[in-house]
Amino acid sequence: MKKYVFILLAVVLFANCTEKKQEPIKISPDDLHNSIDHVIDIMIHDIFSPPVASRIFAYPNIAAYEIVAQTNPDYQSLSGQLKDLKPIPAIDTASAINPQLSALIAHMNISRQLIFSEDKFDVLQDSLFTKWKNMNEPEFEASKSYGLKVAEHIKEWMNKDNYSQTRTMPKFTVNTDDPGRWQPTPPAYMDGIEPHWNKIRPFIIDSASQFKPVPPPPFSLEKDSDFYKELIEVYNISNDITKTGDESEEVAIAKFWDCNPYVSVTRGHLMFATKKITPGAHWIGITKIAAKKTNSNFDDTVFAYTKTSMAIADGFISCWDEKYRSNLIRPETLINQHIDENWKPILQTPPFPEYTSGHSVVSGAASTALTSIFGDDFSFEDDTETPYGLPIRKFNSFNEAADEAAISRMYGGIHYRAAVEVGVGQGRKIGDLLNSKIKMKKNSSLAHN
């Protein structure tokens with residue numbers, strides 16, 4: 001009898017030892033920050049254009065937000081507010097689903113589809129999936145299943161935004177007979193990128209032309225014309241801020257806001273690219289800084305990323321609509337042809353028409369969205385560019401940062417004054433529309449005011 005009792009006791013002890021302890025899976029804002037940072041690193045590697053990069057940010061954020069809005073009473077769904085977006089599948093509240101885990105998985109799944117180097121993303125995803133599964137397999141599997149279901153729902157909506165159709169549309173045709181029309185610029189002389197981006201379905205604005213800006217000053221090389229005055233202003237500013245040989249504050253500002261993923265470097269017979277973040281990625285980085293400074297929880301962080309990324313995405317749609325309408329020539333081309341053949345801008349001219357300034361439009365839109373969330377006098381230290389050897393810059397508000405980003409394009413020698421001043425205003429109109437039209441916070445008070 002004792003023998004059987006001993007065997008039974010051993011079996012029970014063995015079973016208890018081998019049984020896995022199921023721990024609740026806790027998802028923090030840093031999990032989302034880290035995933036987005038990883039996606040940005042891959043985007044830099046893959047060299048996405050600024051407009052396409054904005055699309056890569058927006059859809060994963062919306063997927064995560066829609067799950068948050070199902071379970072957090074502070075938030076309201078975007079379905080019925082964004083064109084053609086239908087409600088996501090309902091969550092089973094009686095199941096083991098962890099909504100924040102599902103939101104992160106949906107975000108990661110869509111992000112992975114939108115980049116090229118999926119294998120680089122799989123390293124992070126596989127590591128996280130293994131960790132979560134070991135912590136609590138039932139919770140992980142239920143959350144994963146729901147997150148992927150929502151991701152498929154959002155991808156079905158995403159795939160109807162005309163992006164695929166624009167991949168097969170003709171390249172932009174350069175007209176060299178018109179002296180005021182854009183021409184490819186050195187050193188790579190690339191074709192104009194994304195000439196059909198105005199056909200992408202917007203998130204907030206009614207159409208790409210809703211905030212059509214006033215036309216730029218009429219092209220003229222007469223020295224008393226408004227256009228020529230803006231042209232010579234770019235030339236004179238560039239010479240003035242570089243005349244001492246030491247880096248001026250204006251040059252530092254230009255370099256800080258460069259955000260050009262197309263920079264080409266020529267050495268001898270070789271040409272190669274130096275990879276950087278896009279303007280949208282810089283403002284996504286600022287969103288991260290603000291969320292971390294305020295200790296925003298996971299849901300509030302998703303909200304901040306989602307609202308800002310929609311502003312950025314529609315900023316590019318609106319801006320690109322005007323770029324290929326006015327089709328204005330860049331300062332570099334005219335200065336080399338008519339003023340100084342040896343002049344080079346401080347920044348490398350990006351491959352698309354001049355008016356309006358994309359960085360200015362996007363900065364105006366993003367800063368207005370962020371101000372609505374974190375307040376008008378939100379000071380922050382922007383370390384977004386430190387990975388590229390640039391120092392931290394301090395700002396007293398998002399609007400101050402946007403104004404600096406806009407004027408940086410003149411300091412860099414790649415835009416005329418009208419493009420930056422009209423551009424930042426164009427972006428702020430988009431941000432204002434977002435704040436008034438799209439309801440996300442059910443409580444009317446600001447998230448952190």
Side-chain angles (χ1 to χ4, degrees), residues 50-51 54 172 175 178-183 192-200 202-237 257 279 311-335 349-350 352-369 399 402-437:
S54 72
F172 179 66
N175 180 1
D178 185 339
R181 290 175 70 87
W182 178 80
Q183 300 174 29
I193 66 156
E194 300 299 341
H196 307 289
W197 200 253
N198 64 344
K199 298 178 178 64
I200 300 295
F203 294 96
I204 311 150
I205 54 180
D206 296 334
S207 68
S209 61
Q210 181 174 359
F211 294 112
K212 178 182 176 182
V214 297
F219 175 80
S220 172
L221 294 178
E222 295 295 326
K223 293 189 177 180
D224 61 346
S225 69
D226 290 338
F227 182 84
Y228 188 83
K229 290 175 183 177
E230 290 203 1
L231 173 65
I232 201 69
E233 181 184 26
V234 174
Y235 179 67
N236 289 338
I237 286 176
W257 293 101
I312 292 168
D314 273 18
F316 276 112
I317 293 171
S318 176
C319 180
W320 253 243
D321 178 59
E322 178 57 38
K323 279 188 179 295
Y324 286 96
R325 178 189 299 112
S326 54
N327 192 18
L328 188 60
I329 195 166
R330 289 278 184 170
E332 182 174 15
T333 305
L334 292 178
I335 291 172
T349 303
F352 34 81
E354 190 272 344
Y355 187 84
T356 48
S357 158
H359 214 324
S360 302
V361 176
V362 167
S363 296
S367 62
T368 303
N399 285 322
D403 288 337
E404 184 179 283
I407 198 64
S408 76
R409 318 318 273 168
M410 271 192 71
Y411 295 157
I414 61 176
H415 277 291
Y416 312 109
R417 181 173 293 277
V420 304
E421 293 183 348
V422 175
V424 75
Q426 180 183 354
R428 284 180 172 136
K429 290 177 182 177
I430 294 168
D432 287 338
L433 180 68
L434 169 61
N435 291 338
S436 63
K437 178 181 178 180

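Below, all heavy atoms of this structure are taken into account, side chains as well, without hydrogens, waters or symmetry copies.
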Any side-chain heavy atom of [X] within less than 4.5 Å of one from [Y]?
X      : Y      : result
Tyr324 : Pro353 : yes
His359 : Val420 : no
Ser367 : Val424 : no
Ile430 : Gln210 : no
Glu233 : Asn236 : no
Leu334 : Phe227 : yes
Ile205 : Lys429 : no
Pro216 : Tyr416 : no

> Taking the inter-plane angle between the rings of Trp182 and Phe172 on a 0 to 90° scale, is it parallel (under 30°), tilted (30 to 60°) or perpendicular (over 60°)?
Replying inline: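 Trp182 vs Phe172 ring planes: tilted.
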Locate the shortest heavy-atom distance separating [X] from [Y]; write the atom from each residue and the value.
X      : Y      : value
Tyr355 : Ser326 : O-OG, 3.3 Å
Glu354 : Lys323 : O-NZ, 3.4 Å
Gly358 : His415 : N-NE2, 4.5 Å

>> Could you check whether Asp321 pairs with Lys199 (Lys NZ or Arg NE/NH1/NH2 to Asp/Glu carboxylate O, under 4.0 Å)?
In response: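 Answer for the salt bridge query: no.
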>> So for atom NZ, which belongs to Lys437, do other residues, nucleotides or ligands contribute more than 12 heavy atoms lying within a distance under 6.0 Å?
In response: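 Yes.
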Backbone N or O of [Y] within a donor-acceptor pair of the [X] side chain at under 3.5 Å?
X      : Y      : value
Ser225 : Tyr228 : yes
Asp226 : Pro217 : no
Thr333 : Ile329 : no

How about [X] and [Y]: does a side-chain donor come under 3.5 Å of a side-chain acceptor?
X      : Y      : result
Gln426 : Ser318 : yes
Thr356 : Glu322 : no
Thr349 : Glu332 : yes

> Residues two or more places apart in sequence or in another chain: which of them pass salt bridge (Lys or Arg N to Asp or Glu O under 4.0 Å) with Asp432?
Replying inline: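 Counting only residues at least two positions away or on another chain, Asp432 forms no salt bridge (Lys or Arg N to Asp or Glu O under 4.0 Å).
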> Rounded to the nearest 0.5 Å, what separation is found between the NZ atom of Lys223 and the CG atom of Leu221?
Replying inline: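 Reported value, rounded in 0.5 Å steps: 10.5 Å.
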>> In this structure, is the centre-to-centre distance between the rings of Trp320 and Phe352 below 6.0 Å?
In response: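 That pair passes the under 6.0 Å test.
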